[in-house]
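Some notes on the structure that comes next.
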Amino acid sequence: MADARKELAYHCKLLGALVLAIRATPYVMSLLSSEEATRKRLERQVVGVRESDDGVFGVFLCGAGLSAGGAAASAVPEAASGAGFSREAEGSNAHAAKGAARAEGQASARAEAAEGQGAKRAAAKAEGAAAAEGAAAEGAEAAGSGGAAPSAGVGAPTTWRVAGATLLTGGVLVAAYYSEKQRRMKAILESKTATAGEAAIGGPFSLREGSTGRRYTEKELLGKWSLLYFGFTTCPDICPDEMEKLATAIDAIEKVAGEGAVNTVFFTIDPERDSLKEVAEYVKKFHKRMVGLTGSVKECNAAARAYRVYHHKTSQDADYLVDHSIIHYVVGPDGKFRKFFLKSDSAETLSDGVLKLMAKEFRETGAVAAAP
């Protein structure tokens, strides 16, 4: 009984370790890829997929696994009782066999003692007594064997059944968990849009436009679709590639929707080095209608926070780099965030995504963005 319970406890701990390993895997993988970490963070913010959802799945998985293990082990006490009964039956059989042997010895002794007074008659009586006692012993043995039969082989395989049921249940639940996760991730990656309430991305900002020095706020985004990108002018490779991709997407959009159909805005996250002049010259290298914004450290940080942009200086040297999230934001004519694109998305994917949003909004509302 105690051994069976220890065995069940061991398998429950094994299942718990499996659950912890499954829960830890996504976090380990996210540490290996900043882009994957960015994607997951935005998915939680935009679509409402929270880490607590995974926690609920983990708790459900562990609890269901333990319940299944307990259900599978419900036969353990009965098995233990069957094993005890089997041992008692074996003891009864041995006792009956000893009684039969003793009866045979006594019968033989009486037969020898009666040889002088009528050997034949005494021997016949002794044989009859021995036969009766032997039959009684055989009956007891048969009864013991019949009682023990149902319990034979029950005790040993019970722990293996517990292990098998626990692992099978855990495997089914793990498969269901991953299936549900994949379904939700697929829906997220196909839409990348806010589906659970209003997205907590975007908000007020006040910066200066590089070429004119005038104030540029979130109100400038109203009336037209906008594409926003956060970076810094001294970025050696990532930002130039993303700006080229953005310029290509702008040209593709304007071929369909008309020239000036979208606002394209570059926000610096390095205001200490990116002056008005630096920003103005930088954006014109990529597209003539692209706007570059800068401001004080406080103002730039506030704009980055509004759009949930991660950025961090890698050192305090004069030629420092800035680590930052690589995201293109799409904002609708109402000034609200609609969709995001990552470094892994091509210029074609970016332009097609914006055009589809434009067409969908026109079908639903009949509204057309204000002319430039």
Item checked: Intermediate values then yes/no, side-chain contact (heavy atoms from CB on, under 4.5 Å), Ile327 and Val309 -> CA-CA 8 Å; Ile327 305 167; Val309 175; 5.8 Å; no
Check: Does Glu348 offer a backbone N or O that forms a donor-acceptor pair with the side chain of Ser351 under 3.5 Å?
Finding: yes
Check: Would Glu209 and Glu220 count as a side-chain contact (heavy atoms from CB on, under 4.5 Å) if you check the C-alpha gap in whole Å, the side-chain angles of each, and the deciding distance to 0.1 Å?
Finding: CA-CA 11 Å; Glu209 199 271 315; Glu220 300 288 339; over 6 Å; no
Check: Is the backbone N or O of Gly260 less than 3.5 Å from a side-chain atom of Lys224, with the two atoms forming a donor-acceptor pair by type?
Finding: yes
Next item on the list: Would you mind reporting whether Lys313 and Glu272 have side-chain heavy atoms less than 4.5 Å apart?
Entry: yes
Next item on the list: Treating Ile, Leu, Val, Met, Phe, Trp and Tyr as nodes and any side-chain heavy-atom pair under 4.5 angstrom as an edge, say whether Val354 and Val256 lie in one connected cluster.
Entry: yes
Next item on the list: Evaluate the side-chain proximity of His328 to Glu242: yes if any heavy-atom separation is below 4.5 Å, no if none is.
Entry: yes
Next item on the list: Among Thr234, Thr314, Asp270, find the residue that satisfies the side chain to side chain donor-acceptor pair (under 3.5 Å) test when tested with Tyr320.
Entry: Asp270
Check: Does a side-chain heavy-atom distance below 4.5 Å link Val265 with Leu293?
Finding: yes
Check: What are the two closest heavy atoms between Phe341 and Thr349, and how far apart are they?
Finding: CE2-O, 3.7 Å
Next item on the list: Test Ser275 against Thr294 for side-chain contact (heavy atoms from CB on, under 4.5 Å), laying out the working first.
Entry: CA-CA 7 Å; Ser275 64; Thr294 187; over 6 Å; no
Note to self: Has Lys245 got a side-chain atom pairing as donor or acceptor with Lys343's backbone, closer than 3.5 angstrom?
What the structure shows: yes
Check: Is the NZ or CZ atom of Arg308 both under 6.0 Å from the centre of the six-membered ring of Tyr329 and within 45° of that ring's axis?
Finding: no
Item checked: Rounded distance [0.5 Å steps], CG in Leu357 versus CG in Asp352 -> 11.0 Å
Next item on the list: Quick one: closest heavy-atom pair of Phe266 and Val279, and the distance?
Entry: CD2-CG1, 4.4 Å
Check: Is there a donor-acceptor pair under 3.5 Å between the side chain of Ser211 and the backbone N or O of Ala280?
Finding: no
Give the table of side-chain donor-acceptor pairs shorter than 3.5 Å for residues 284-291, with sequence neighbours excluded, one pair per line with atom names and distance.
{"residue": "Lys284", "atom": "NZ", "partner": "Lys288", "partner atom": "O", "Å": "2.9"}
{"residue": "Lys284", "atom": "NZ", "partner": "Met290", "partner atom": "O", "Å": "3.3"}
{"residue": "His287", "atom": "ND1", "partner": "Arg289", "partner atom": "N", "Å": "3.2"}
{"residue": "His287", "atom": "NE2", "partner": "Asp251", "partner atom": "OD1", "Å": "2.9"}
{"residue": "Arg289", "atom": "NE", "partner": "Glu254", "partner atom": "OE2", "Å": "3.1"}
{"residue": "Arg289", "atom": "NH1", "partner": "Glu259", "partner atom": "OE2", "Å": "3.4"}
{"residue": "Arg289", "atom": "NH2", "partner": "Glu254", "partner atom": "OE1", "Å": "2.6"}
{"residue": "Arg289", "atom": "NH2", "partner": "Glu254", "partner atom": "OE2", "Å": "3.3"}

Item checked: Distance in Å, Leu222 CG paired with Asp334 CG, rounded so as to fall on 0.5 Å steps -> 8.0 Å
Next item on the list: Of all the heavy-atom pairs spanning Ala306 and Gly203, show the shortest one and how long it is.
Entry: CB-N, 4.0 Å
Note to self: Donor-acceptor check, side chain of Arg208 to backbone of Gly295, threshold 3.5 angstrom: yes or no?
What the structure shows: no
Note to self: Could you report the tightest heavy-atom contact between Ala257 and Met358, atom names first, then the distance?
What the structure shows: CB-SD, 4.0 Å
Notebook entry, point to check: Can you check side-chain contact (heavy atoms from CB on, under 4.5 Å) on His311 and Asn301, steps first, answer last?
Noted result: CA-CA 9 Å; His311 61 100; Asn301 287 343; 3.1 Å; yes
Notebook entry, point to check: Between atom OG1 of Thr233 and atom OH of Tyr282, what is the distance when rounded to the nearest 0.5 Å?
Noted result: 7.0 Å
Notebook entry, point to check: Between atom OG of Ser206 and atom CD of Glu299, what is the distance when rounded to the nearest 0.5 Å?
Noted result: 5.5 Å
Margin query: List the residues meeting side chain to side chain donor-acceptor pair (under 3.5 Å) with Lys356, not counting sequence neighbours, and say none if there are none.
Written below: none
Margin query: Side chains of Leu207 and Cys300, heavy atoms from C-beta outward: is any pair under 4.5 Å?
Written below: yes
Next item on the list: Could you pull out all residues at least two apart from Asp241 that satisfy side chain to side chain donor-acceptor pair (under 3.5 Å)?
Entry: none
Check: Is it true that Val283 and Leu276 fall in one hydrophobic cluster, defined by side-chain heavy atoms closer than 4.5 Å?
Finding: no
Check: Do Thr264 and Tyr229 come close enough that some side-chain heavy atom pair is under 4.5 Å?
Finding: no
Note to self: Nearest 0.5 Å, please: how far is CG in Leu221 from CZ in Phe337?
What the structure shows: 13.5 Å
Item checked: Nearest heavy atoms of Ala249 and Ala347, plus distance in Å -> CB-O, 3.8 Å
Margin query: Between Asp274 and Phe232 (side chain of the first, backbone of the second, donor and acceptor by atom type, cut-off under 3.5 Å), is there such a pair?
Written below: no
Check: Parallel, tilted or perpendicular: which fits the ring planes of Tyr307 and Phe267, with parallel below 30° and perpendicular above 60°?
Finding: tilted
Next item on the list: Following the transitive rule for hydrophobic clusters with a side-chain heavy-atom cut-off under 4.5 Å over Ile, Leu, Val, Met, Phe, Trp and Tyr, establish whether Leu350 and Ile238 coincide in one cluster.
Entry: yes
